[in-house]
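Reviewing the structure listed below.
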Amino acid sequence: QVHLVESGGGLVQPGGSLRLSCAVLGFTLDYYAVHWFRQAPGKEREGLLCISSSNISSYYINSVKGRFTISRDNAKGTVYLQMNSLKPEDTAVYFCATETSGSCLGETEYWGQGTQVTISS
């Protein structure tokens, strides 16, 4: 069974950086696209980035362009989210999710339980 585990969250001051990891277990990562989402308290979940099975990145929203970067290491079964120039409004629980089509255009299927990112001075 596919199981996703996010890690790397924590408390960071504004302007700082974090690198989140999404370990995909129980299946070969190569064929999946992987998306990163986040959800802040009292707000709807929003999509951030996706990386396709062919290693092409795409953005859901403009607010993270130039600050967030997605990457993948299929041999390690892991997708990363590098977050720089963090702002208080980036505070949220961050989730990764697989997409079977591999294109970043299909529906997500498997989700992790999230990792908390808190940006505060």
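Nothing here was measured: the structure is a model prediction, and the numbers come from that model.
Atom OG1 of Thr78 sits about 6.5 Å away from atom CG of Asp73, to the nearest 0.5 Å. Separating the OH atom in Tyr31 from the OG atom in Ser53 is a distance of 10.0 Å, to the nearest 0.5 Å. Atom CG of residue Leu81 and atom SG of residue Cys22 lie 10.0 Å apart, to the nearest 0.5 angstrom. Interatomic distance, CZ of Arg38 versus CD of Gln116, reported as 12.0 Å (0.5 Å rounding). Atom OH of residue Tyr94 and atom CZ of residue Phe68 lie 4.0 Å apart, to the nearest 0.5 angstrom. Taken to the nearest 0.5 Å, the SG atom of Cys104 stands 9.5 Å off from the CG atom of Leu49.
The hydrophobic clustering, which links ILVMFWY residues whose side-chain heavy atoms are closer than 4.5 Å, places Tyr60 and Leu105 apart. Put simply, Met83 and Ile61 are part of the same group of oily side chains (I, L, V, M, F, W, Y) that touch within less than 4.5 Å, one to the next. Cluster annotation: Leu18 and Leu48 are assigned to the same hydrophobic cluster (Ile/Leu/Val/Met/Phe/Trp/Tyr, side-chain heavy-atom contacts under 4.5 Å, transitive). Under a hydrophobic clustering in which Ile, Leu, Val, Met, Phe, Trp and Tyr are joined whenever their side-chain heavy atoms come within less than 4.5 Å, directly or via other members, Val64 and Val12 fall into the same cluster.
Other residues, nucleotides and ligands place more than 12 heavy atoms under 6.0 Å from the CD atom of Glu46. Other residues, nucleotides and ligands contribute only 12 or fewer heavy atoms inside 6.0 Å of the CD atom of Glu107.
For the side chain to side chain contact (heavy atoms under 4.5 Å, CB included) criterion with Leu86, the lone passing option out of Thr91, Thr118, Ile119 is Ile119. In summary, of the residues considered (Leu20, Val93, Asp90), a side chain to side chain contact (heavy atoms under 4.5 Å, CB included) with Val117 occurs for Leu20 alone.
When side chains are defined from C-beta on, Ser120 counts as touching Leu11, because their heavy atoms get closer than 4.5 Å. Within the 4.5 Å cutoff, no side-chain heavy atoms of Leu4 are placed close to those of Leu25. Counting heavy atoms from C-beta on, the side chains of Pro14 and Lys87 never come closer than 4.5 Å.
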request  = Report the C-alpha distance between Thr100 and Glu109 in whole Å, list the side-chain angles of each, state the deciding distance to 0.1 Å, and finish with yes or no for side-chain hydrogen bond (donor to acceptor under 3.5 Å, both in side chains).
outcome  = CA-CA 7 Å; Thr100 305; Glu109 185 171 359; 2.6 Å; yes
request  = Go through the steps for Val79 and Leu29 under the test side chain to side chain contact (heavy atoms under 4.5 Å, CB included), then give the verdict.
outcome  = CA-CA 9 Å; Val79 172; Leu29 176 61; 4.0 Å; yes
Criterion side chain to side chain contact (heavy atoms under 4.5 Å, CB included) on Phe95 and Glu6, from CA distance to verdict = CA-CA 7 Å; Phe95 301 88; Glu6 301 96 338; 3.8 Å; yes
task = Check the pair Tyr32, Val2 against side chain to side chain contact (heavy atoms under 4.5 Å, CB included), reporting the backbone distance first and the verdict last.
result = CA-CA 11 Å; Tyr32 287 111; Val2 178; 3.4 Å; yes
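Using the six-membered ring where Trp is involved, Trp111 and Phe37 have ring planes that are tilted, between 30° and 60° apart.
Nearest approach of Ile70 to Ser57, heavy atoms of both residues: CG2-OG, 3.2 Å. Residues Cys96 and Val34 share a closest heavy-atom pair of CB-CG1, 4.2 Å.
Under a 3.5 Å cut-off, the side chain of Arg72 and the backbone N or O of Ser52 do form a donor-acceptor pair.
The closest side-chain donor-acceptor pair between Ser17 and Asn84 falls under 3.5 angstrom. Glu99 and Thr108 share no side-chain donor-acceptor pair at under 3.5 Å.
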